[in-house]
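Right, one structure below, let's go through it.
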Amino acid sequence: MAKDERSDKDDNSVDNSRKLLFETNKVDTSIQVGSSLENARERRTNSSLYNLRRSHLSFTRGSWEASEYIDFDDLLPMLGQFGWFQKRLFLFMIPFCYITAFVYLGQIFMTLTPNDFHCFEPELELMTDKELRKQLSIPREKDGSYSQCRMYETNYSRIRYARNKTAMIDTSLPTMPCQHGYVFNTSEMPFVTATMEFGWVCKDDKYATYAQIIFFVGSIVGCLGYGYFADHCGRVAALVSSCSLAIIGSIGTALSQNFLAFAVFRFFVGASCDTCFTMVYILVLEYIGPKYRTLVANLSLLLFYSPFTMLMPWIALASRNWRTFSIMAGLPLCFAMLSYWVLPESARWLVSVGEIDKAMEILEELIQVNKKHLPPWILELFERCCLQFYKEEMHGREFTVFSIFKYRRMACYMVLMIGIWMAMSLVYDGHVRAASVLDSHNVFLFFTIACATELPGNIVVILTLDRFGRRWCSFAFTMLSGLFSLVGACIVNATHMKNLALAGRLFANMCYNVGLQWAAEMLPTVVRAQGVSFIHTMGFVAMMMSPPVVYLSQLSFSLMLIVLGVLGILAGVLALFLPETLNHELPQTLSEGNVFGKNQRMWHAPCCGPGARRSARRNYLHQGSSLRTLSRDEFRSKRMLRRTSPPLISENTSMLTTRSVDEKEIRTYDYK
């Protein structure tokens with residue numbers, strides 16, 4: 001008798017939830033153009049539909065049809081894929097692109113090494129004839145130039161009081177390393193760097209390289225730490241926190257009095273480097289419709305980030321001192337603190353932590369700003385879907401980045417992606433830093449020209465990425481970057497070498513931008529965020545090696561370019577072993593990821609042949625983060641089981657729904 005009552009109760013629940021889908025047109029709770037958010041929320045709250053109990057909204061899976069489940073990507077085209085709300089968010093990327101350019105490139109200028117310097121001798125400081133001072137204290141190298149790191153070992157007090165100082169010139173005197181610091185030619189380098197102030201040249205020239213490596217160690221720690229922080233505290237909180245850390249690091253850098261203090265505060269700045277941009281980048285793209293994401297992702301780099309990288313050398317030059325530069329260039333970081341009150345939180349993240357009401361308020365504001373009219377039952381259906389999604393997430397998500405390595409094909413893809421991204425990151429960062437040493441006489445101008453290659457690079461990526469695909473674009477751009485670098489290494493003429501290095505930088509920019517998008521598309525939805533974060537972290541590990549690679553220029557510019565060229569060619573060849581994602585439905589689950597690209601051949605191309613045809617859309621219940629899975633390893637909840645035959649029902653379970661999909665029965669049980 002109790003079983004019959006429970007069955008009738010479940011049937012009534014199913015009928016009520018189905019009934020909701022057809023009776024919503026009786027109450028207009030939608031947001032109209034010209035109405036305020038408060039009025040819209042009041043209509044929605046007072047509606048009988050909204051006041052139903054949450055238990056009714058979390059209706060059983062059996063009451064759904066495939067077309068009755070919608071996620072953010074389904075909803076965004078109805079709300080406006082790139083309306084005024086999204087354009088406003090897009091403009092908020094401007095200050096954060098400046099912050100990223102300063103945080104990433106600032107240390108390059110703080111640790112610049114001037115080309116013209118020699119040993120300082122305090123006994124000869126009052127001499128007005130600079131050339132005679134050099135002849136008395138500085139030996140010459142084999143090429144006739146004055147030595148930068150050695151001085152004569154003699155009695156300089158006797159030279160100071162000698163009446164005929166010219167007669168005291170003796171080139172046969174023994175030499176010794178500099179004892180009292182260095183004299184730098186400020187007319188050639190009108191910007192006083194930390195390298196000049198602390199004397200990080202000659203035997204101490206490795207300190208600038210160590211500081212760069214420590215910066216990237218901070219980037220690795222920050223990437224891992226803020227990834228966890230953002231998942232638990234929100235995107236905006238992580239963004240504000242990282243900017244606060246960058247402010248502390250920038251001010252502390254300006255107050256540093258030795259290498260240890262400088263390195264510690266650069267570690268703090270490095271920890272904020274990735275988060276300052278990626279959090280706002282992800283936050284904006286989450287509100288952009290699928291149709292415009294590729295365009296907006298690259299357009300933000302083209303319009304905002306690239307111009308700021310070109311402007312950074314001249315901000316440093318105008319500051320005239322690395323301490324002033326650290327403070328003045330870091331002032332806009334204070335404005336980033338306003339984002340806590342201005343930027344909306346990620347609606348997707350709010351759903352994932354159960355703050356569904358807050359997510360719905362943001363979507364209501366989006367509708368209002370974009371001036372859209374949405375049928376009320378769509379928002380109610382979307383809210384019910386969010387509730388069901390959150391309910392399953394709360395019962396345990398067992399996926400980690402290590403789940404990828406349980407599948408042989410996916411493990412191979414992951415290893416290849418890590419290797420390719422590490423090579424791309426090292427090539428890109430190596431070319432960025434090489435601009436500071438290839439032309440030390442005109443370092444600010446040459447660095448600006450090198451950064452200007454970002455502009456045409458981003459335009460080419462926008463025009464080619466959705467035409468020729470990720471795979472062939474990565475292959476072509478990385479190979480060309482490597483080839484230009486190797487050819488430049490073989491050229492004796494310095495001008496031609498610099499031009500070829502700039503060409504290598506151009507294609508390094510392009511392959512780096514392609515890699516950012518390709519890795520995210522390759523991984524299944526259930527491990528995409530963790531997988532991309534792990535790959536990004538390994539990229540920072542590779543970037544730790546770029547300062548030593550650039551340091552090779554002290555021995556030979558050709559040696560530095562050879563290393564960058566070989567890495568570029570290696571990454572280009574490895575890119576051919578990954579599958580193409582353009583024109584293909586992206587994998588949702590681990591099982592789909594394991595068979596993704598299995599039928600593609602080496603010469604598969606999305607611009608011609610079979611690859612030009614879009615793959616058939618899978619008839620799945622959910623087209624975003626898949627709630628249905630294909631194997632026990634992919635359960636999003638321990639309460640979801642898949643069986644190929646009807647199971648025995650125990651007394652402590654109640655069967656809610658049964659659905660047949662491709663000759664398999666999917667049964668969902670509620671364990672008491």
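Being a predicted model, the structure only gives us computed values, none of them experimental.
Here the CG atom belonging to L239 is positioned 9.5 Å from the CD atom belonging to E345, to the nearest 0.5 angstrom. Annotation: the span from Q86 atom CD to Q81 atom CD amounts to 8.5 Å, rounded to 0.5 Å. Summarising the geometry, atom CZ belonging to F268 is positioned 6.5 Å from atom CG belonging to L245; distances are rounded to the nearest 0.5 Å. To the nearest 0.5 angstrom, I288 atom CD1 is 7.0 Å from L89 atom CG. Taking CZ of F577 as the start and CD1 of I420 as the end, the distance is 9.5 Å to the nearest 0.5 Å.
Under 3.5 Å, the side chains of Y226 and S241 contain a donor-acceptor pair of N or O atoms. For the residue pair S306 and N458, a side-chain donor N or O sits within less than 3.5 Å of a side-chain acceptor on the partner.
Using a 4.5 Å cut-off on side-chain heavy atoms (C-beta onward), F447 and L112 make no contact. Using a 4.5 Å heavy-atom cutoff, the side chains of F477 and N513 are not in contact. Side-chain atoms of F308 and I99, non-hydrogen and from C-beta on, never get closer than 4.5 Å to each other. Put simply, the side chain of Y551 does not reach to within 4.5 Å of the side chain of V437, judged on heavy atoms.
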Working for ring pair (Phe, Tyr, Trp, His ring centres under 6.0 Å), residues W472 and F475:
CA-CA 5 Å; W472 284 107; F475 168 76; 5.7 Å; yes

Take L486 and I569 through the test side chain to side chain contact (heavy atoms under 4.5 Å, CB included) and record every step on the way to the result.
CA-CA 10 Å; L486 289 178; I569 291 177; 3.4 Å; yes

Apply side chain to side chain contact (heavy atoms under 4.5 Å, CB included) to residues T111 and Y207 and explain how you reach the verdict.
CA-CA 9 Å; T111 57; Y207 282 111; over 6 Å; no

Before giving the answer on side chain to side chain contact (heavy atoms under 4.5 Å, CB included), spell out for M510 and S481 the whole-Å C-alpha distance, their side-chain angles and the decisive distance to 0.1 Å.
CA-CA 9 Å; M510 295 160 66; S481 177; over 6 Å; no

Tell me, with the steps shown, if H431 and S485 meet side chain to side chain contact (heavy atoms under 4.5 Å, CB included).
CA-CA 10 Å; H431 275 288; S485 298; 3.2 Å; yes

Criterion ring pair (Phe, Tyr, Trp, His ring centres under 6.0 Å) on Y287 and F85, from CA distance to verdict:
CA-CA 9 Å; Y287 286 102; F85 184 87; 5.6 Å; yes

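P313 approaches F109 most closely through the heavy-atom pair CG-CZ, 3.5 Å. What you find for S553 and M560 is that their closest heavy atoms are CB-SD, 4.0 Å. The nearest pair of heavy atoms linking V550 to G430 is CG2-O, 3.8 Å. Closest approach of H536 to C223, counting heavy atoms only: CB-SG, 4.5 Å. Closest approach of G572 to T478, counting heavy atoms only: CA-OG1, 3.0 Å. Nearest heavy atoms, S436 versus I108: CB-CG2, 3.9 Å.
Side chain of N509 to main chain of R505: a donor-acceptor pair is present (N/O by atom type, distance under 3.5 Å, no hydrogens or angles). Formation of a donor-acceptor pair under 3.5 Å by the S326 side chain with backbone atoms of S250 is found in this model. Remark: the backbone N or O of H496 is paired with a side-chain donor or acceptor of N493 at under 3.5 angstrom. Panel note: side chain S346, backbone L283; no donor-acceptor pair is recorded below 3.5 Å. Between the side chain of R266 and the main chain of T253, no donor-acceptor pair closer than 3.5 Å is present. Formation of a donor-acceptor pair under 3.5 Å by the Q212 side chain with backbone atoms of S546 is not found in this model. Although no hydrogens or angles enter the test, the distance criterion places a donor-acceptor pair under 3.5 Å between the side chain of E580 and the main chain of R470. A donor-acceptor pair is defined here as one N or O able to donate and one able to accept, closer than 3.5 Å; no such pair exists between the side chain of S556 and the backbone of L552. Side-chain atoms of S242 do not come within 3.5 Å of backbone N or O of S272 as any donor-acceptor pair.
In this structure, M545 places its CE atom where only 12 or fewer heavy-atom neighbours from other residues, nucleotides or ligands lie under 6.0 Å away. Within a 6.0 Å sphere centred on OH of Y292, other residues, nucleotides and ligands contribute 12 heavy atoms or fewer.
In this pair, F102 and Y98 present their aromatic rings parallel. The plane angle is below 30°, not in the 30 to 60° band. Classified by interplanar angle (parallel below 30°, tilted 30° to 60°, perpendicular above 60°), the ring pair F484/F507 is parallel. Between W314 and F444, the two ring planes are tilted [angle within 30° to 60°].
With respect to W421, the ring pair (Phe, Tyr, Trp, His ring centres under 6.0 Å) criterion is satisfied by exactly one of W518, Y512, Y428: Y512.
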